[in-house]
Amino acid sequence: MTELLSEPKMTGSAPNLRLTQWMAPAAFELRHASANELCKRYNTDSIGSDPDGDKAVAMIVLSVLIDGHREDIGCAALMDMTGVYDEFDTPVVEVKRVYIRPEFRGNGYSWILMKEVEDHARRYSQRPDRLGLRVLLETGTEQPEAIGLYEKMGFQRIDTYGPWKNDPTSMCYELVLD
């Protein structure tokens with residue numbers, strides 16, 4: 001598990017990361033909260049449908065212990081999108097649904113989640129059928145804190161792709177695995 005970058009502002013335990021199923025209650029609730037927040041940020045009724053859970057390489061939920069009980073505070077997913085986007089002829093995974101509940105932000109938890117996603121992508125890239133793996137993500141102009149995180153972690157801006165090709169609010173990134 002990755003360590004915190006700074007001491008948490010809230011009382012609680014060290015974070016715990018766990019792999020779970022795409023439709024597990026904690027993962028579903030956190031993805032739903034994320035979708036609601038994005039709808040507010042972009043002033044829309046829907047951000048589109050959830051990705052196909054069968055494509056999940058990893059669905060990660062981050063928890064902390066508060067007052068003696070586990071509190072699920074964030075999630076992130078890594079989806080195998082090989083063959084989905086015409087722009088790419090190599091294996092592709094995409095980071096999806098990175099989310100930390102607002103009251104827990106500013107504690108380094110998103111960094112922890114993203115490092116775990118990166119670790120899963122690195123392991124996945126070692127599979128013989130996934131050599132040359134590209135790690136992509138899409139975010140938007142109304143998510144400056146996400147943009148800052150991704151750039152700090154070494155993601156590089158690339159041309160928009162897939163359904164975001166002509167969306168002026170979309171920004172796409174790639175992490176080059178060494």
Side-chain angles (χ1 to χ4, degrees), residues 17-63 72-105 109-118 120-121 124-125 130 133-176:
L17 294 162
R18 70 183 189 279
L19 285 174
T20 190
Q21 297 295 314
W22 180 255
M23 290 305 293
F28 182 83
E29 289 171 18
L30 289 163
R31 288 195 323 271
H32 183 72
S34 171
N36 286 340
E37 181 176 325
L38 290 173
C39 285
K40 289 178 187 170
R41 285 188 185 214
Y42 291 94
N43 195 28
T44 186
D45 293 333
S46 172
I47 60 162
S49 60
D50 243 357
D52 178 1
D54 291 340
K55 296 185 179 301
V57 173
M59 181 70 220
I60 303 161
V61 171
L62 186 141
S63 306
D72 297 322
I73 65 166
C75 67
L78 187 66
M79 312 296 284
D80 190 329
M81 303 302 277
T82 302
V84 172
Y85 303 122
D86 292 338
E87 295 89 344
F88 306 107
D89 58 2
T90 60
V92 171
V93 290
E94 196 169 25
V95 180
K96 295 282 201 182
R97 304 303 191 252
V98 179
Y99 178 73
I100 299 291
R101 288 186 10 211
E103 64 269 29
F104 291 92
R105 293 178 185 163
Y109 294 132
S110 58
W111 181 272
I112 292 169
L113 267 174
M114 286 300 295
K115 289 306 279 182
E116 188 70 12
V117 166
E118 181 181 337
H120 279 277
Y124 196 62
S125 73
R130 293 297 176 251
L133 184 74
R134 297 183 75 162
V135 181
L136 308 176
L137 64 81
E138 183 274 340
T139 190
T141 56
E142 300 302 313
Q143 298 164 262
E145 59 280 272
I147 293 165
L149 171 69
Y150 302 144
E151 290 178 352
K152 185 175 179 182
M153 295 192 78
F155 279 80
Q156 300 168 6
R157 182 102 183 257
I158 61 172
D159 290 339
T160 52
Y161 58 87
W164 307 286
K165 188 88 177 149
N166 297 311
D167 184 345
T169 65
S170 285
M171 300 173 69
C172 294
Y173 287 86
E174 178 175 7
L175 179 67
V176 177

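- Residues meeting the side chain to side chain contact (heavy atoms under 4.5 Å, CB included) test with Arg18, sequence neighbours left out: Asn16, Ala26, Val61, Ser63, Arg70, Asp72.
- Atom CZ of Arg97 and atom CG of Leu38 lie 7.5 Å apart (nearest 0.5 Å).
- Side-chain contact between Leu136 and Met81 is absent, with no heavy atoms from C-beta onward closer than 4.5 Å.
- Inter-residue side-chain proximity for Tyr173 and Glu151 is flagged as met; some heavy-atom pair is nearer than 4.5 Å.
- Asp50 CG to Lys96 NZ: the interatomic distance, rounded to the nearest 0.5 Å, is 9.0 Å.
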(message) One pair to check against side-chain contact (heavy atoms from CB on, under 4.5 Å): Met171 and Thr141. What are the steps and the verdict?
(response) CA-CA 7 Å; Met171 300 173 69; Thr141 56; 4.1 Å; yes
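- Screening Val92, Val93, Asp80 for a side-chain contact (heavy atoms from CB on, under 4.5 Å) involving Arg130 leaves a single residue, Asp80.
- Once rounded to the nearest 0.5 Å, the distance linking OG1 of Thr82 with CD of Glu94 reads 10.5 Å.
- The distance from the CD atom of Glu174 to the CZ atom of Arg157 is 14.0 Å, given to the nearest 0.5 Å.
- Minimum heavy-atom separation, Ala76 to Val117: CB-CG2, 3.7 Å.
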(message) Glu37 vs Lys40, test: salt bridge (charged side-chain N to carboxylate O under 4.0 Å, His left out). Steps then yes/no.
(response) CA-CA 5 Å; Glu37 181 176 325; Lys40 289 178 187 170; over 6 Å; no
(request) Show the numbers, then the answer: is there a side-chain contact (heavy atoms from CB on, under 4.5 Å) between Val95 and Glu118? (result) CA-CA 9 Å; Val95 180; Glu118 181 181 337; over 6 Å; no
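- Ring-plane geometry between His32 and Phe28 is classed as parallel, the angle between the planes falling under 30 degrees on a 0 to 90 degree scale with a further cut at 60.
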(message) Determine whether Leu62 and Phe104 satisfy the following criterion, side-chain contact (heavy atoms from CB on, under 4.5 Å), listing intermediate values before the conclusion.
(response) CA-CA 11 Å; Leu62 186 141; Phe104 291 92; over 6 Å; no
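- By the 6.0 Å contact criterion, CD on Gln21 is open, its count of non-hydrogen atoms from other residues, nucleotides or ligands being 12 or less.
- Although no hydrogens or angles enter the test, the distance criterion places a donor-acceptor pair under 3.5 Å between the side chain of Tyr42 and the main chain of Glu142.
- A distance of 12.0 Å separates SG in Cys75 from CG in Leu17, rounded to the nearest 0.5 Å.
- Listed here is the closest heavy atom pair of Ala58 and Leu19: CB-CD2, 3.7 Å.
- Nearest heavy atom pair, residue Gly140 against residue Ile147, reads O-CD1, 3.4 Å.
- Among the candidates Ile73, Leu149, Ile100, the single residue satisfying the side-chain contact (heavy atoms from CB on, under 4.5 Å) test with Leu113 is Ile100.
- The structure places OH of Tyr161 at 9.0 Å from OG of Ser170, a figure rounded to the nearest 0.5 Å.
- The two residues Lys115 and Met153 come nearest to each other via the heavy atoms CD-CE, 3.3 Å.
- With contacts defined as side-chain heavy-atom distances shorter than 4.5 Å, the pair Asp159/Glu87 does not qualify.
- Contact detail for Phe155 and Leu137: the closest heavy-atom pair is CE2-CD2, 3.4 Å.
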(request) Decide yes or no on side-chain contact (heavy atoms from CB on, under 4.5 Å) for Arg31 and Met59, but give the supporting numbers first. (result) CA-CA 11 Å; Arg31 288 195 323 271; Met59 181 70 220; 4.2 Å; yes
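- When every heavy atom of Met79 is checked against every heavy atom of Pro51, the shortest pair comes out as CE-CB, 3.7 Å.
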